[in-house]
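Reading through the structure tokens given below for one structure.
Keep in mind that this is a model prediction, so the values were computed, not measured. Sequence lines set the chain letters: A, B, ... in the order given, protein chains first and strands last, and positions in each chain run from 1.
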Amino acid sequence: MAADIRLTLPDGSERTVPERTTARAVAESIGPRLAQAAVAAKLDGDVVELDRPLARSGRFEVLTEKNPDALPVLRHSSAHVLATAVRRLFPEAGIGFGPSIDDGFYYDFQVPRPFTPEDLERIEAEMQRVVAGDDPFVREEVSREEARRRFAGDPLKLERLEEIPEGDVISVYRSGAFEDLCRGPHVPATGRIKHVKLLHAAGAYWRGDERRQMLQRIYGTAWFSKQDLDAYLLRLEEARKRDHRVIGKALDLFSIQEDVGPGLIFWHPKGAMLQHQLRRFVEDAILARGYELVFTPHITREQLFIKSGHLPYYEENQFPAMAAAAGDAEDVRYRVKPMNCPLHILIYKSQQRSYRDLPVRLAEIANVYRNERSGTLHGMLRVRGLTMDDGHLFLRPDQIQDEIALALELVDFVLAQTFGITYRLDLATRPAEKLGDDAVWDQAEAALKGALEHLGLTYRLDEGGGAFYGPKIDVKFDDAIGREWQGATIQLDFNLPERFELEYTGADNKPHRPVMIHRAIFGTLERFVGFLIEHFAGAFPLWLAPEQVRVLPITDAQLEAARALHAKLRAAGIRSHVDERNETLNYRIRDGEMMKVPYLAVMGGREAEAGAVAVRARGAGNKQDVMPQDAFVATLAEHIRSRARVP
RNA sequence: GCUGACGUAGCUCAACGGUAGAGCGGCUGAUUUGUAAUCAGCAGGUUGAGGGUUCGAUUCCCUCCGUCAGCUCCA
């Protein structure tokens, strides 16, 4: 009666087994050791547990601990073990969701008081007892009525249950005394979870909605081997050393001062040099691409932002209004700008534009201020005083595709070709609170999508992630500990031209409405420099490094020769200084390496006499390169000119 | 903004009801050094701010400010 199904194994061979054979049975038929090592199985890309009867033919694979697809299964099961332990110690705890995430898992609990670090220790110890129990994970399919009965004491689970569409399978997983409404899959038994560690607890809104209750979320990580777990914990520690806040302090790049306020960056001389070089770089790049630089005021009458729609759509991110200026009517108020677009629009509007003039490309590296919520601030990566490398393009509709392509080319030139950064693209569509009609949004979203697809770029869809005035293509990157941030952005806008009644005169001698593109390449200098610090771990390429060469005379006898080399470097535009401190050479080399200076130029008696220099490149250890001073200067000057990624 | 943890010398950290300490860094002196820390001495703190409890508070309690992690929100 049972029909046969055909399973295609990874080696290409086929196996015919009766329908409803379990994955475990198939694994056993392949080999007992494979069955021993099996964690779960995969049928046509879907991960299933070993005891699940197979219902259809397809590509079949046994997942062992070596297979990366097995890790999410382990981690999801670890979340159940966590919940089991919490329920044992805190029987009154309500349960929310407990998924696997990158590198680990979490589980949300509804508890009368938040977990303390001591609670976490107790919970972790209890988890070890759950693991020792080696309870099998048992899957059961139940009716909606039965599920309601079983989760009667768990209001969060009941809420979730009611969202499962009629006709869908409702599955329940039980291990020991713990039962969860869950899709699975799971490892065979709790005993498979050996190398698990709880990391921290924090509040998290139920369903990610800040209007709803806050649950207590416990984060953990789980691995198949102790080595993997230790390696992961070491990786976290190493990442902490790359943190731009740590390096920024160690290399004296920037500070944030309580007297002045959170989210406001002090660029110290070395950090300011980074910003200076980046500004020069991007200004050259955009001037070569037909942009014109502008400068606009930092504060404007509030009326401008009412007209643009920033008030009220963006009001919660703006600083409150300032009083009227001397001589103004009393009801006039000023705002510090959170964006530059309305001001650039006014420059566009300051004269009549012909279709021949378009595209008009205006750019400004401008300071804007946004009233970001206090809990979101993060070093240089999320600040209240932002230095945007902003640009606004005013186009004829027929120029949209080309200009988006040019903007994407510029992004790639700066990020990938210059810095070697790999980035991801998101297409962010209309948000809930938005300006303008859906028809206009349809058009704008289609144009961005068309440009991405025309260029053959892969992208993710960020539903609802657009700006209030238009959809955008965002560039995303990760920080040292894997958090995702947005850098460059290209935004298409049909709304602001409408609100400001922008026009150009067409070939038909009639007025037409231009389209706008808002774009930033770095995003903001704050976030970009913060990211670069982590990307390079403070070891910036030569052209960007605040201090490019440090000249080290071995003894005072070489002081004059060292100063002479320094003068040659300076004359060639190279940022150098002489370390004249009364310390051993070893001490000064160590300091130079720790300060990430690209080249240490050691000047000893032999070199001074020969007009040479002993060059130690950053990170090259004690491998030194003795060369004529002129050759050294010329080589560096060329690397700087070409923005080579050295040393 | 919300939940929790944490704020001690320039930096990294000790001390946890009884006169606040170390290493690094800084300064001074000696040393003149050949590829990742030379030695010695000295200076440096109303323990984030304000209140309270106490004979006595860095330590316990409250409020505020800030930082960190997460959530939410965003370049």
Tell me the interatomic distance from A:Glu433, atom CD, to B:C73, atom C1', rounded to whole angstroms. 13 Å
Taking atom P in both B:C27 and B:A43, what distance in whole Å separates the two? 16 Å
Report yes or no: does A:Arg616 contribute a side-chain atom to a donor-acceptor pair with the main-chain N or O of A:Gly621 at less than 3.5 Å? yes
Measuring only the C1' atom in each nucleotide, how far is B:G25 from B:G10? A whole number of Å is fine. 7 Å
Watson-Crick or G-U wobble partner of B:C60, both distances under 3.5 Å: B:G52
Between B:A75 (P) and A:Asp390 (CG): distance, integer Å: 11 Å
Side-chain donor or acceptor of A:Asp243 paired with backbone N/O of A:Arg240 under 3.5 Å: no
Nearest to the side chain of A:Ile554 - B:G1, B:G34, B:C11? B:G34
Between the main-chain N or O of A:Asp103 and the side-chain N or O of A:Thr221, is there a donor-acceptor pair closer than 3.5 Å? yes
Could you work out the separation of B:A14 and B:G26 based on their P atoms and round it to a whole Å? 24 Å
Pairing donors with acceptors under 3.5 angstrom, does anything connect the side chains of A:Thr387 and A:Gln275? no
Kindly say whether, by distance alone, the side chain of A:Arg207 makes a donor-acceptor pair under 3.5 Å with the base of B:C71? no
Start with the C-alpha distance between A:Asp493 and A:Lys472, add both sets of side-chain angles, then the distance that settles salt bridge (Lys or Arg N to Asp or Glu O under 4.0 Å), and finish with yes or no. CA-CA 9 Å; A:Asp493 179 6; A:Lys472 51 186 187 154; over 6 Å; no
Partner set under side-chain hydrogen bond (donor to acceptor under 3.5 Å, both in side chains) for A:Trp206, not counting sequence neighbours: A:Glu159
Kindly say whether the aromatic ring centers of A:Tyr469 and A:His518 come within a distance under 6.0 Å. yes
For B:G29, give the paired nucleotide (Watson-Crick: N1-N3 plus N6-O4 or O6-N4; G-U: N1-O2 and O6-N3; both under 3.5 Å), or none. B:C39
Would you say the ring centers of A:His310 and A:Phe468 fall short of 6.0 Å from each other? yes
When all nucleic acid strands are considered with a 4.0 Å heavy-atom cut-off, which category describes A:Val383: base, sugar-phosphate, or nothing? base
A:Arg75 NZ/CZ over A:Trp223 ring centroid, <6.0 Å and within 45° of normal: yes
Quickly work out the A:Met595 CE to B:C11 C1' distance and round it to whole Å. 12 Å
Does any donor atom in the side chain of A:Gln318 or A:Asn371 lie under 3.5 Å from an acceptor atom in the other side chain? no
Does B:G7 pair with anything, Watson-Crick or G-U wobble, both distances under 3.5 Å, and if so, with which nucleotide? B:C65
Work out how far the C1' atom of B:G21 is from that of B:U8, and round it to whole angstrom. 10 Å
Could you tell me whether the side chain of A:Glu316 has a donor or acceptor atom within less than 3.5 Å of a complementary atom in the base of B:G1? no
Can you list, in residue-number order, the parts of residues 476-489 of chain A that come under 4.0 Å of RNA chain B, counting heavy atoms only? A:Arg483, A:Gln486, A:Gly487
CA sep, side-chain torsions, deciding dist, call: A:Asp426, A:Lys476, salt bridge (Lys or Arg N to Asp or Glu O under 4.0 Å): CA-CA 7 Å; A:Asp426 277 6; A:Lys476 298 285 178 73; 2.8 Å; yes
Would you mind classifying the nucleic acid contact of A:Phe115 as base, sugar-phosphate or nothing, using non-hydrogen atoms under 4.0 angstrom? nothing
Any N/O donor-acceptor pair, A:Tyr205 side-chain to B:G1 base, under 3.5 Å: yes
5' priority, RNA chain B, between A:Thr524 and A:Gln624 [closest heavy atom]: A:Gln624
Gap in Å between the two C1' atoms, one belonging to B:G56 and one to B:C68, rounded: 33 Å
Could you state the atom-to-atom distance from CG of A:Asp579 to C1' of B:G34 in whole Å? 15 Å
Taking OP1 and OP2 of B:U12, is either one under 4.0 Å from a side-chain nitrogen or oxygen of A:Lys249? yes
Using whole Å, report how far CG of A:Asp108 lies from P of B:G4. 16 Å
Any residue of residues 251-277 of chain A with a heavy atom less than 4.0 Å from an atom of RNA chain B: A:Glu258, A:Pro262
For B:C2, give its Watson-Crick or G-U wobble partner with both distances under 3.5 Å, or none. B:G70
Considering only atom P, compute the distance from B:G7 to B:G48 and round it to an integer number of Å. 8 Å
Can you check the A:Arg373 CZ to B:C2 P distance for me, whole Å? 9 Å
If you look at every strand shown and take non-hydrogen atoms under 4.0 Å, does A:Lys623 touch a base, only sugar-phosphate, or nothing? nothing
May I ask you to decide if A:Phe319's main-chain N or O and A:Arg335's side chain share a donor-acceptor pair within less than 3.5 Å? yes
Provide the distance between the two P atoms, one in B:A9 and one in B:G52, to the nearest whole Å. 25 Å
Per-nt protein contacts along nucleotides 36-46 of chain B (heavy atom under 4.0 Å; B base, S backbone sugar-phosphate only, - none) come out as BBB--------
A:Tyr106 ring centre to A:Arg217 NZ or CZ under 6.0 Å, with the angle to the axis within 45°? yes
Please examine the side chains of A:Phe528 and A:Asp389, heavy atoms only from C-beta on, and report whether any two atoms are closer than 4.5 Å. no
So, does A:Arg245 get its side chain near the phosphate of B:C68, meaning an N or O under 4.0 Å from OP1 or OP2? yes
Between A:Phe477 and A:Phe531, how do the two ring planes meet: parallel, tilted or perpendicular, split at 30° and 60°? tilted
A:Met214 side chain: which of B:U3, B:A75, B:U12 is closest? B:U3
For B:C16, which nucleotide in any strand shown is its Watson-Crick or wobble partner with both distances under 3.5 Å? none
Just to be sure I understand the rule, does A:Ala557 reach a base, reach only the sugar-phosphate, or reach nothing, if contact means heavy atoms closer than 4.0 Å? nothing
Rounded distance in Å - CD (A:Glu609) to P (B:G34): 18 Å
Judged by atom type as modelled, is there a donor-acceptor pair below 3.5 Å linking the side chain of A:Thr376 to the main-chain atoms of A:Glu372? no
OP1 or OP2 of B:A69 under 4.0 Å from side-chain N/O of A:His378: yes
Can a cation-pi geometry be assigned to A:Arg289 and A:Phe413, taking NZ or CZ under 6.0 Å from the six-membered ring centre and within 45° of the ring axis? yes
Both A:Asn317 and A:Gln558 contact RNA chain B. Which one's nearest nucleotide lies toward the 5' end? A:Gln558
Does anything in residues 598-605 of chain A come within less than 4.0 Å of RNA chain B? Heavy atoms only, and list the residues if so. A:Val602, A:Gly604, A:Gly605
Rounded to whole Å, please give me the gap between CD1 in A:Ile247 and P in B:C11. 18 Å
Separation between the C1' atoms of B:G44 and B:G34, rounded to whole Å: 36 Å
So side chain to side chain donor-acceptor pair (under 3.5 Å) across residues 600-613 of chain A, not counting sequence neighbours, yields none
